[in-house]
Peer 1: 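There's a structure below that I have some questions on.
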Amino acid sequence: MTSPLASRFAPSPTGSLHLGNLRTALYAWLVARRAGGRFVLRIEDTDRMRSDEAKIAELIEDLTWLGLDWDGGPGQDDGTGPYRQSERAASHEAAFGKLLAGGHAYPCYCTEEELEAERQSALRQKRPPRYSGRCAVLDAAGRAAREAEGRRASLRFRLPPGQRLAWDDLVRGPQSFRSDDLGDFVIRRADGSAAFLSSNAIDDAAMGITLVLRGEDHVANTPRQRVLIEALGATPPQYAHLPLLVGPQHAPLSKRDGAMSVRSLRERGYLPGAVANLLLRLGHSGAEDGYHEVAAMPAQFDLKALGHAPAHVDELQLNHWQHEALLRCEDAALVDWVRGKTPAGLELATVATLRKNILLKADAERWCGRLYGSLEDPDAEARSVLAAAGPAFFDALLAAGACDYDALVTAAKGTGAKGKGLFQPLRLALTGTLEGPELRPVLALMPPELIRTRFERARALSTV
RNA sequence: GCUCCCAUCGUCUAGAGGCCCAGGACACAGCCCUCUCAAGGCUGGUACGAGGGUUCGAAUCCCUCUGGGAGCGCCA
């Protein structure tokens, strides 16, 4: 029993993943999981630029972090591997031989300089810069002459002239390109390596991929890849092209957008659920309101609910989902935020106390300083609150003898303080700020000596 | 230069001619609750890029403009 749908994510391990890549991966995974189909992860490290293991490991780590898994891919075999493109060269070669034999490909002897000159002159004449096809008409003698010159040939795919190349895009609807507008494209470089356009398509066909979901920067590649696959005697997959993501200034989200790289998001403390919930809504309206666990997202995803306009990444919304994710996650998932910044053994308790009042790792660090370290200088508002409480207030706290919440509140009430007039100076004296978690658990965390020090400090400040 | 795609609150979006003086979510403001903040509850403000058509009627259809995105590689 074979599954009807197979989708894939095919990143090249150059640079680190940004939100746009991650969204493509998530969506491809969601369609597969929703349909009960296969999801394949294929690493597109070309054989010429063999990628380093660290980048591949990082890629896998980022995807796993989000909650994605794959039926075929690194560490998981479904019989359609290998899953590194650099290990599929033999299959590419076989395909090139087949195309050559069928007259669908021809050697091209043009050098990069010649092609560049051709492009420039086309541009000057205000014409689209595409390959003229001059090597397509070479006869045996012409080829021999060029080889005698020592030229090394690349291989180009011969597009059928005067045709309308059409397909039904699952997101964008009916699409159509004129073959004459595209130009014959390189499928194998002069150095013998397979070019993206061909290897990507050949692998999809060979791995039984039935749905290619990718960014809309690939739409113009689609007609070429479809004819190539058909020339190989296979059936092209269906295609779905997502509008790209744009960043803060309507600018495209690029790999340079460091703040939006999965890496830096993770380092700042964003949780996978937060990122996934944001991505689920960027350009997609199929999900019900509210937070969804990644595992439950496939039911919330619908290809037909994808928009056609570029979507804008908004940090405020990411923060909202971060808040939601924070309320739901295990305390244990957050201990890394405070490790080494609390007294030994208090990591979990600290996290449990803080989690509703912090958003990111930096907030946790700031709070660890307040609970166990030293306080910053008070601002004008803080000074006036302390002064209003007066030294007698803090004398009473110091005299209480105990440092638990009930004892201290009782002692403070003895001075006649109540309500805001009680809790504001108490909180301020202890934590240096007017906002934060409930005082009872905060007091339970702080060392008694530190509590006394803080009261003494507040008392001194209150007399100024 | 040429080709293609897109255009609703600050942001993500609902809306496929009358149900829309435009709905939801986030953010924002006010109130309630509360030891603070958050959470929760209630209330509120904010949008159909511009101009022309078509129609009894347009956010929805057509054209132009403007704005944004993508592509035109021996990059992926």
Side-chain angles (χ1 to χ4, degrees), chain A residues 10-15 44-46 48-49 85 108 110-112 115-116 119 122-131 152-156 169 171-173 175-178 181-183 185-197 199-200 214-221 241 243-246 248 250-252 278 280-290 305 307-321 323-324 326-327 355-359 385 405 409 412 417-428 431 433-440 442:
Chain A
S12 78
T14 58
E44 301 223 334
D45 58 337
T46 56
R48 47 148 45 172
M49 165 198 80
Q85 197 163 63
C108 171
C110 300
T111 64
E112 293 195 45
L115 292 170
E116 183 56 29
R119 262 193 295 277
L123 239 24
R124 271 195 300 279
Q125 293 166 53
K126 307 191 174 185
R127 299 187 39 219
R130 74 176 67 95
Y131 180 61
R152 299 184 64 190
S154 65
L155 215 53
R156 281 186 191 268
D169 193 282
V171 173
R172 297 159 63 98
Q175 305 286 305
S176 163
F177 282 73
R178 298 187 338 171
D181 282 346
L182 297 171
F185 55 94
V186 169
I187 55 179
R188 186 179 64 193
R189 304 186 185 93
D191 67 4
S193 63
F196 162 79
L197 228 34
S199 55
N200 180 263
R214 55 183 9 177
E216 75 172 9
D217 47 334
H218 288 289
V219 281
N221 292 334
H241 290 94
L244 269 19
L245 257 29
V246 291
H250 283 287
L278 176 76
L280 182 64
R281 272 112 180 152
L282 280 179
H284 174 249
S285 58
E288 290 166 34
D289 283 346
H308 296 187
H312 188 133
V313 179
D314 182 11
E315 197 162 353
L316 285 176
Q317 298 200 29
L318 176 57
N319 285 346
H320 166 70
W321 295 118
H323 192 91
E324 295 288 322
L326 228 29
L327 293 178
R355 58 185 293 158
K356 285 186 178 162
N357 290 272
I358 56 177
L359 206 56
V385 169
Y405 177 85
V409 169
K418 59 178 181 180
K420 252 191 169 114
L422 188 165
F423 289 100
Q424 282 200 337
L426 180 57
R427 171 177 291 281
L428 205 49
T431 66
T433 173
L434 284 169
E435 51 184 55
E438 290 185 31
L439 282 177
R440 186 187 295 274
V442 164

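Chain naming here is simple, since letters A, B, ... match the order of the sequence lines and numbering starts at 1 in each.
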Peer 1: With a non-hydrogen cut-off below 4.0 angstrom, is A:L115 in contact with a base, only sugar-phosphate, or nothing?
Peer 2: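 It contacts base atoms.
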Peer 1: By nearest atom, which of the nucleotides B:A25, B:C35, B:A76 is closest to the A:L197 side chain?
Peer 2: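 Within the option list, the nearest is B:A76.
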Peer 1: Rounded to the nearest Å, what distance is computed from the CG atom of residue A:D191 to the P atom of nucleotide B:G73?
Peer 2: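 One finds 19 Å between P of B:G73 and CG of A:D191, rounded.
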Peer 1: Measure from CZ on A:F196 to P on B:C75 and round the result to the nearest Å.
Peer 2: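 The distance from CZ of A:F196 to P of B:C75 comes to 13 Å, rounded to the nearest Å.
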Peer 1: Which nucleotide wins on minimum distance to the side chain of A:H323, given the candidates B:G69, B:A7, B:A39?
Peer 2: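 For A:H323, the side-chain atoms sit closest to B:A39.
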Peer 1: Hey, does the side chain of A:R188 reach the backbone of A:R156 with a donor-acceptor pair shorter than 3.5 angstrom?
Peer 2: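 Here the side-chain-to-backbone pair does not exist.
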Peer 1: Across the strands shown, which category fits A:D217 at heavy-atom distances under 4.0 angstrom: base, sugar-phosphate, nothing?
Peer 2: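 The residue A:D217 makes sugar-phosphate contact but no base contact.
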Peer 1: In whole Å, what separates the P atom of B:C2 from that of B:U60?
Peer 2: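 Here B:C2 and B:U60 have their P atoms 28 Å from each other.
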Peer 1: Is the shortest side-chain N/O distance from A:R281 to OP1 or OP2 of B:C26 below 4.0 Å?
Peer 2: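 No, no such contact exists.
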Peer 1: Looking only at side chains, do A:E44 and A:N200 share a donor and an acceptor under 3.5 Å apart?
Peer 2: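 There is such a pair between these side chains.
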Peer 1: May I ask which nucleotide in the shown strands pairs with B:C65, Watson-Crick or G-U wobble, both distances under 3.5 Å?
Peer 2: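 Partner of B:C65: B:G49.
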Peer 1: Report the distance from atom NE2 of A:H284 to atom P of B:U11, rounded to the nearest whole Å.
Peer 2: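 Result: 21 Å.
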Peer 1: Is A:V409 close to A:F423 at the side-chain level, that is, under 4.5 Å between some pair of heavy atoms?
Peer 2: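 Heavy-atom side-chain distance check passes, below 4.5 Å.
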Peer 1: What is the separation between atom CD on A:E44 and atom C1' on B:A76, rounded to the nearest whole Å?
Peer 2: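 Those two atoms, CD and C1', are 8 Å apart.
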Peer 1: Pick the closest RNA chain B nucleotide for A:Y405 and for A:P128 by heavy atoms, then say which residue is nearer the 5' end.
Peer 2: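 The 5'-side residue here is A:P128.
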Peer 1: For the side chain of A:N357, starting at C-beta, report the closest nucleotide among B:C37, B:A27, B:G69.
Peer 2: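 Of B:C37, B:A27, B:G69, B:C37 is nearest to the side chain of A:N357.
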Peer 1: Name the nucleic acid region contacted by A:R130, choosing base, sugar-phosphate or nothing; use a 4.0 angstrom heavy-atom cut-off, strictly under.
Peer 2: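 Result for A:R130 = sugar-phosphate.
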Peer 1: Looking at every strand, decide which applies to A:S154 at a 4.0 Å heavy-atom threshold: base, sugar-phosphate, or nothing.
Peer 2: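 It contacts base atoms.
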Peer 1: Please determine, for the side chain of A:L244, which listed nucleotide (B:A70, B:A7, B:C12) has the closest atom?
Peer 2: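 Closest of the options to the side chain of A:L244: B:A70.
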Peer 1: For A:K420, report the nucleic acid contact type (base, sugar-phosphate, nothing); a contact means any heavy atom under 4.0 Å.
Peer 2: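 Answer is nothing: A:K420 stays at 4.0 Å or more from every strand.
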Peer 1: Kindly say whether A:A287 contributes a backbone atom to a donor-acceptor pair with the side chain of A:R281 at under 3.5 angstrom?
Peer 2: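 Looks like no, no N/O pair under 3.5 Å.
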Peer 1: What integer number of Å spans the C1' atoms of B:G15 and B:A22?
Peer 2: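 Their C1' atoms lie roughly 8 Å apart.
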Peer 1: Tell me what A:R188 touches on the nucleic acid: a base, only sugar-phosphate, or nothing, going by heavy atoms under 4.0 Å.
Peer 2: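 Contact class for A:R188: none.
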Peer 1: Looking at B:A76 and A:H218: do their rings stack (centroid distance under 5.5 Å, interplanar angle under 30°)?
Peer 2: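 The ring of A:H218 is stacked on B:A76.
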Peer 1: Give A:A190 one of three labels, base, sugar-phosphate or nothing, depending on what nucleic acid heavy atoms sit under 4.0 Å from its own.
Peer 2: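 Base, at least one base atom sits under 4.0 Å.
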Peer 1: With sugar-phosphate meaning primed atoms plus P, OP1 and OP2, does A:L434 contact a base, only sugar-phosphate, or nothing at under 4.0 Å between heavy atoms?
Peer 2: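 Contact class for A:L434: base.
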Peer 1: Separation of A:N319 atom CG from B:C28 atom C1', in whole Å?
Peer 2: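 Those two atoms, CG and C1', are 15 Å apart.
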Peer 1: Expressed as a whole number of Å, how far does the P atom of B:G18 sit from that of B:G71?
Peer 2: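 So the two P atoms sit 37 Å from each other.
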Peer 1: Which nucleotide wins on minimum distance to the side chain of A:L282, given the candidates B:A76, B:C12, B:A27?
Peer 2: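 Looking only at side-chain atoms, A:L282 lies closest to B:C12.
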Peer 1: Using the C1' atoms only, state how far B:C63 lies from B:G69, rounded to an integer number of Å.
Peer 2: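 Rounded to whole Å, the distance is 22 Å.
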Peer 1: Choose from B:A39, B:G69, B:C35 the nucleotide whose nearest atom is closest to any side-chain atom of A:E438.
Peer 2: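 Selected nucleotide (nearest to the side chain): B:C35.
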Peer 1: For residues A:L422 and A:A412, report the shortest heavy-atom separation together with the two atoms involved.
Peer 2: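 Heavy-atom minimum between the residues: CG-CB, 3.9 Å.
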Peer 1: Taking side chain as C-beta onward, heavy atoms only, is A:T111 less than 4.5 Å from A:E116?
Peer 2: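 No, every pair of side-chain atoms sits at 4.5 Å or beyond.
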Peer 1: Separation of A:L327 atom CG from B:C37 atom P, in whole Å?
Peer 2: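 After rounding, the gap between these two atoms is 17 Å.
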Peer 1: Give A:G436 one of three labels, base, sugar-phosphate or nothing, depending on what nucleic acid heavy atoms sit under 4.0 Å from its own.
Peer 2: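 It contacts base atoms.
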Peer 1: Can you tell me the base-pairing partner of B:C20? Count Watson-Crick or G-U wobble geometry only, both distances below 3.5 Å, and say none if there is no partner.
Peer 2: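 Across any shown strand, B:C20 pairs with none.
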Peer 1: C1' atom, B:C26 versus B:A47: distance in rounded Å?
Peer 2: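 Each nucleotide's C1' atom is 15 Å from the other's.
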Peer 1: What's the separation between atom CZ in A:R214 and atom NE2 in A:H241, rounded to the nearest 0.5 Å?
Peer 2: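 With rounding to 0.5 Å, CZ (A:R214) is 4.0 Å from NE2 (A:H241).
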Peer 1: Taking the P atom in each of B:G49 and B:C37, what is the distance between them to the nearest angstrom?
Peer 2: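 To the nearest whole Å, 40 Å.
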Peer 1: Please report the interatomic distance NE2(A:H323) to CD1(A:I358), rounded to the nearest 0.5 Å.
Peer 2: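 Answer for the NE2-CD1 pair, A:H323 versus A:I358, is 10.5 Å.
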Peer 1: Is B:C9 paired to anything, Watson-Crick or G-U wobble with both distances less than 3.5 Å, and if yes, which nucleotide?
Peer 2: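 B:C9 is paired with nothing.
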Peer 1: Can you tell me how far P of B:C5 sits from CD of A:Q175, to the nearest Å?
Peer 2: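 Roughly 7 Å, once rounded to whole Å.
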Peer 1: Given the rule in the side-chain hydrogen bond (donor to acceptor under 3.5 Å, both in side chains) test, do A:T431 and A:R427 qualify, once you have shown the distances and angles that lead to the verdict?
Peer 2: CA-CA 6 Å; A:T431 66; A:R427 171 177 291 281; 5.0 Å; no
Peer 1: Which base, if any, makes a Watson-Crick or G-U wobble pair with B:C74, both distances under 3.5 Å?
Peer 2: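 When the pairing criteria are applied, nothing turns out to pair with B:C74, so the answer is none.
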Peer 1: Is any side-chain nitrogen or oxygen of A:R189 closer than 4.0 Å to OP1 or OP2 of B:A76?
Peer 2: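 Indeed, a polar side-chain atom of A:R189 lies that close.
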Peer 1: For B:C33 versus B:G41, give the span between their C1' atoms, rounded off to a whole number of Å.
Peer 2: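 Taking atom C1' in both B:C33 and B:G41, they lie 8 Å apart.
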Peer 1: May I have the distance from A:H312 (atom NE2) to B:G67 (atom P), rounded to whole angstrom?
Peer 2: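 That distance rounds to 19 Å.
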Peer 1: Is there a Watson-Crick or G-U wobble partner for B:U55 with both distances under 3.5 Å, and which nucleotide is it?
Peer 2: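 Partner of B:U55: none found under 3.5 Å.
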Peer 1: Should B:G44 form a Watson-Crick or G-U wobble pair with both distances under 3.5 Å, which nucleotide is its partner?
Peer 2: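 B:G44 is paired with B:C28.
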Peer 1: May I ask you to say what A:N200 touches in the nucleic acid, namely base, sugar-phosphate or nothing, with a heavy-atom cut-off under 4.0 Å?
Peer 2: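 It contacts nothing in the nucleic acid.
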Peer 1: Are OP1 or OP2 of B:C74 and a side-chain N or O of A:R119 less than 4.0 angstrom apart?
Peer 2: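 Checking A:R119 against B:C74: at least one side-chain N or O falls below 4.0 Å of OP1 or OP2.
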Peer 1: B:A14 pairs with which nucleotide, Watson-Crick or G-U wobble, both distances below 3.5 Å?
Peer 2: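 Check on B:A14: unpaired, no WC or wobble geometry under 3.5 Å.
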Peer 1: What's the closest nucleotide to the side chain of A:R156 if the choices are B:U13, B:C74, B:A70?
Peer 2: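 Between B:U13, B:C74, B:A70, the one nearest the side chain of A:R156 would be B:C74.
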Peer 1: C1' atom, B:U13 versus B:U46: distance in rounded Å?
Peer 2: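 The answer is 16 Å between these two C1' atoms.
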Peer 1: Assess whether one donor atom and one acceptor atom, taken from the side chain of A:Q317 and the base of B:U11, lie less than 3.5 Å apart.
Peer 2: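 Counting by modelled atom types and ignoring angles, a donor-acceptor contact under 3.5 Å is found here.
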Peer 1: When you measure from the side chain of A:N221, which nucleotide among B:A76, B:U36, B:C4 comes out closest?
Peer 2: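 Within the option list, the nearest is B:A76.
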